[in-house]
Amino acid sequence: QVQLVESGGGLVQAGGSLRLSCAASGRTFSRYAMGWFRQAPGKEREFVAAISWSGGSTYDPNSVKGRFTISRDNAKNTVYLQMNSLKPEDTAVYYCAARGSDYMSSIPQRYDYWGQGTQVTVSS
């Protein structure tokens, strides 16, 4: 089992920045690929970014590439999402997820564990 707890969400003006954190406990964190997803009201959960256990990363190219950066610190069992140049359309609940594999994925169903989510609200 892996327990995930997100933090760092909040209210920010458009153009601002936030850094989300996801602290993991349980099994060996460094062997899990990690992902960030988000879900806005009335919409499906969508992929934001993912990172392999060794630090390779990938992003949704249509919405966040160039503005968001995913990183991880295996010594601290934590994955981060640095979000810059935030837009009102980034408003959503952000979830981190862990996948029992070395390989990244943009598909939510391929992740085994999920956090409870943290709300990000961007005002215009």
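The model shown is predicted, which means the values in this text are computed figures rather than measured ones. Residues: numbered from 1 along the sequence shown. Atoms considered below: every heavy atom in the structure, side chains included; atoms not considered: hydrogens, waters and symmetry mates.
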Parallel, tilted or perpendicular: which describes the rings of F68 and Y94, with under 30° parallel and over 60° perpendicular? tilted
Once rounded to the nearest 0.5 Å, what's the spacing between atom CD of E89 and atom CZ of R38? 8.0 Å
Please say whether more than 12 non-hydrogen atoms of neighbouring residues, nucleotides or ligands are located less than 6.0 Å from CZ in R67. yes
Is it true that S52 and D102 share a donor-acceptor pair across their side chains at a distance under 3.5 Å? no
Report yes or no: do S123 and Q13 form a side-chain donor-acceptor pair below 3.5 Å? no
[Y] side chain reached by [X] side chain, heavy atoms, under 4.5 Å:
X: T118; Y: L20; value: yes
X: Y32; Y: V2; value: yes
X: T69; Y: L81; value: no
X: K65; Y: D60; value: no
X: Q116; Y: E6; value: yes
X: I70; Y: Q82; value: no

State whether Y80 and R19 meet the cation-pi test: NZ (Lys) or CZ (Arg) under 6.0 Å from the six-membered ring centroid, and within 45° of the perpendicular axis. yes
Is it possible for you to check whether R45 lies under 6.0 Å from the centre of the six-membered ring of W114, through NZ or CZ, and within 45° of that ring's axis? yes
Paired with F47, the ring-ring contact (aromatic ring centres under 6.0 Å, His included) test is passed by just one of F37, Y95, W36, namely F37
Using the rule given for side-chain contact (heavy atoms from CB on, under 4.5 Å), can you reason through R99 versus S105, listing the C-alpha separation, both sets of side-chain angles and the distance that settles it, and then say yes or no? CA-CA 8 Å; R99 181 173 189 229; S105 176; 3.9 Å; yes
List the steps and the verdict of side-chain hydrogen bond (donor to acceptor under 3.5 Å, both in side chains) for T78 and D73. CA-CA 5 Å; T78 302; D73 185 338; over 6 Å; no
Residue pairs meeting disulfide (SG to SG under 2.5 Å), one or both in residues 73-124, sequence neighbours left out, come to C22-C96
